[in-house]
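Structure record follows, encoded as structure tokens.
Sequence positions, counted from 1, serve as the residue numbers for this chain. Nothing here was measured: the structure is a model prediction, and the numbers come from that model.
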Amino acid sequence: MPYVVTLGWRGRPTRGEPAELLKALGPLSPRFQPRLGARRVHTASYLDTADWRLRRGGLELTHEGASGPGSLVLAPHSVKLTEPPVWPARIEALPGGELRDAIATAVGVRALAPKIRSRTVVREIVLCDGEGEETARLRWAEAGTLHPVRKPPLVRVTVLAAPGRRRDAKWVARTLLSGEDFEPADAVGYDQLLDACGLPGETGRYAITPGMPADAAVATALLGFAEAITSNVEGTVDDVDPEFLHDLRVAVRRTRSLLKVAGDVLPGNLAARFAPRFAELGELTTPTRDLDVYLLEFDALADSLVAGAPEDLAPFAEHLRRRRDAERKILVRGLRAQRFARLMESWRAALSGVVAEPDRHSTVDDLTAERLRRITKRVIRRAAAITPESPAEDVHALRKRAKELRYALEVFQPVRPADRGALKELKRLQDVLGAFQDGEVQSTKLRAYAQELLDAGLASAPTLLAMGELLGGFARRERAARAELTGALARFLAQTRPVASASGR
């Protein structure tokens, strides 16, 4: 087994300068003579999505090369680019082949962009004995970051034994470690560079903890949602990928839900003042997101046609894209408007004031027990009242209440961990309710789109027939979800009623 050991250098970076390197390796001079190789500079941009999908999937994708097109590298794959890439880029902008296929599932619809750009200065150093024979090889590497912030290089020296000279390499490592300038260390990798830059970022900054004043806890959670809203605005406005708008909307929904569930613990009329503004924000974002969903599913919908052909839906696809362009202009104007900027600024200032000067008469523990019990009983009551004959409006009302419960469980989880069995069945129930809702909503919208195409004189007979086939598919999906709902409700009630009863005692 080859002898390899990595050391860290505590001194100042040498930038690969010979005089500095020879000085650092001075303790080895009584026994070995260093021979310096060429100085090499390696640049790499580590790529990922906004929500770190590649890193979470254990994938490390880099764009390497200081100038020119460079190469994409995902070991063991490497692809030379024919022109400089433009970031952010969605998966379809990358060259086809094994590398793209290896990351496609993890990336999905999200865009890739550099998370860190690094620059590494490397010199290979051969240590020779008195007879000029190689005894060991050192790899001196200084890796620093250029983006998103400049950080001093992390210096690592890797000692590798020449064949049959393991004892000499061990002496080299011991001698360097005996001084004050070297220490045992791991090789510099992506994680070390991320740590140096403070990435992926703060975790738990807006987490609530047991014993917090109730109003401070609610304000803290709302500040976290406000951060999610503002951090997704730029990506939404620039249309980087559709998930920025989706994440923005989720944060808005969570804000509205928490204001409804526990906004009354905030001082004055804070909840009453801001709730309508976030309702407006939700309405502003809805049309574009609905069209995004349609377009993301469009190819699969076209491929599902049996009687019609995918090309029959081309006028419909073009109509959706025109509608989306029009709705996006409205959305972008709203997000760039001073009204939105003032909303978020005043909202965060008000919440920060609550956190700084909370009312300590009640704790989040008491609030959590009381509100979760109330919401859970409300959902159970609605779920138990649903029958196969219940009107769609009742099913949609249950879906909204189930979503409120899910958000409340997520917010208050640090104080009162949810029963895993009940939470699992709640998620399953939400999936069925969502499928039912999607089937009905898509059917309604598809009829409206068909009428718009007719009114504009853009719908041919094949297009209308193909849209009719899609309508039949939506109807079947809705009926399937309705049939599945009875079982999902039974499982949810079986898991949740005992938990609710126990929490109420």
Side-chain angles (χ1 to χ4, degrees), residues 90 92 108-109 235-250 252-253 279-337 340 391-393 395-397 399-400 433-482:
R90 299 191 196 180
E92 56 268 20
V109 300
T236 299
V237 169
D238 293 342
D239 204 16
V240 171
D241 67 50
E243 290 302 287
F244 282 99
L245 175 57
H246 172 66
D247 291 347
L248 189 155
R249 280 174 53 78
V250 169
V252 171
R253 286 202 302 268
E280 291 177 12
L281 185 56
E283 292 171 2
L284 173 69
T285 60
T286 295
T288 303
R289 177 57 187 173
D290 287 348
L291 288 159
D292 277 347
V293 171
Y294 241 116
L295 289 167
L296 287 170
E297 296 180 353
F298 197 86
D299 288 345
L301 291 173
D303 289 341
S304 72
L305 293 175
V306 177
E311 55 267 25
D312 294 338
L313 291 174
F316 178 36
E318 183 59 29
H319 179 65
L320 291 175
R321 285 190 284 269
R322 285 195 300 268
R323 283 287 307 272
R324 182 182 183 274
D325 289 343
E327 294 294 348
R328 246 191 60 76
K329 289 178 181 177
I330 298 171
L331 172 62
V332 169
R333 279 200 302 270
L335 294 179
R336 284 177 170 167
F340 172 72
E393 291 78 7
V395 179
H396 296 329
R399 182 185 63 85
K400 292 178 181 178
L433 292 169
F436 179 80
Q437 166 84 354
D438 290 345
E440 186 182 50
V441 170
Q442 286 179 316
S443 295
T444 301
K445 287 186 176 296
L446 189 61
R447 289 187 177 92
Y449 292 142
Q451 189 62 54
E452 290 171 2
L453 285 169
L454 273 174
D455 292 344
L458 301 173
S460 64
T463 297
L464 291 176
L465 287 171
M467 294 178 72
E469 190 175 343
L470 291 184
L471 186 62
F474 292 151
R476 286 191 297 273
R477 193 185 303 180
E478 183 181 346
R479 287 196 299 270
R482 188 62 181 256

Check: Atom CG of Leu313 and atom CG of Leu470: how far apart are they, to the nearest 0.5 Å?
Finding: 5.0 Å

Check: Is there any side-chain hydrogen bond (donor to acceptor under 3.5 Å, both in side chains) pair reaching into residues 448-469, and which pairs are they, with sequence neighbours excluded?
Finding: His319-Glu452, Arg323-Glu452, Gln451-Asp455, Ser460-Thr463

Check: Taking only residues two or more places apart in sequence or in another chain, which ones pass salt bridge (Lys or Arg N to Asp or Glu O under 4.0 Å) with Arg447?
Finding: none

Notebook entry, point to check: Any luck finding a side-chain donor-acceptor pair between Arg328 and Thr288 under 3.5 Å?
Noted result: no

Check: Phe436 and Ala481: which non-hydrogen atoms are nearest, and at how many Å?
Finding: N-CB, 3.5 Å

Next item on the list: List for me each residue that meets ring-ring contact (aromatic ring centres under 6.0 Å, His included) alongside Phe298, sequence neighbours excluded, and say none if there are none.
Entry: Phe316

Notebook entry, point to check: Rounded to the nearest 0.5 Å, how far does CG of Leu248 lie from CG of Leu284?
Noted result: 9.0 Å

Notebook entry, point to check: Taking atom CD of Glu478 and atom CG of Asp438, what is their separation to the nearest 0.5 Å?
Noted result: 10.5 Å

Checklist line | Heavy-atom pair of closest approach, residues Pro310 and Leu305 | finding: N-CD1, 4.1 Å

Checklist line | Heavy-atom check, side chain of Arg90 versus side chain of Pro242, under 4.5 Å | finding: yes

Checklist line | Side chain proximity check, Asp290 to Val441, heavy atoms < 4.5 angstrom | finding: no

Check: With sequence neighbours excluded, what pairs up with Arg333 under the salt bridge (Lys or Arg N to Asp or Glu O under 4.0 Å) test?
Finding: none

Notebook entry, point to check: About how many Å separate CZ of Phe474 and CE of Met467, when rounded to the nearest 0.5 Å?
Noted result: 9.0 Å

Next item on the list: Applying salt bridge (Lys or Arg N to Asp or Glu O under 4.0 Å), name anything that partners Arg324, two or more places apart in sequence or on another chain.
Entry: Asp239, Asp292

Margin query: Is any side-chain heavy atom of Leu464 closer than 4.5 Å to one of Leu454?
Written below: yes

Notebook entry, point to check: For the side chain of Asp238 and the backbone of Val240, is there at least one donor-acceptor N/O pair under 3.5 Å apart?
Noted result: no

Notebook entry, point to check: Hey, does Thr285 have a side-chain heavy atom less than 4.5 Å from the side chain of Thr236?
Noted result: no

Next item on the list: Let me see the working for Leu331 and Val237 under side-chain contact (heavy atoms from CB on, under 4.5 Å), right down to the final yes or no.
Entry: CA-CA 8 Å; Leu331 172 62; Val237 169; over 6 Å; no

Next item on the list: With Glu440 as reference, evaluate Arg477, His396, Lys445 under the side-chain contact (heavy atoms from CB on, under 4.5 Å) test and give the passing residue.
Entry: His396

Margin query: Do Arg253 and Arg249 have side chains that approach each other closer than 4.5 Å (heavy atoms only, starting at C-beta)?
Written below: yes

Check: Given side chains that start at C-beta, do those of Asp241 and Val109 come closer than 4.5 Å, heavy atoms only?
Finding: no

Next item on the list: Output every pair passing side-chain hydrogen bond (donor to acceptor under 3.5 Å, both in side chains) with a member in residues 296-316, not counting sequence neighbours, ordered by first then second residue.
Entry: Glu297-Gln442

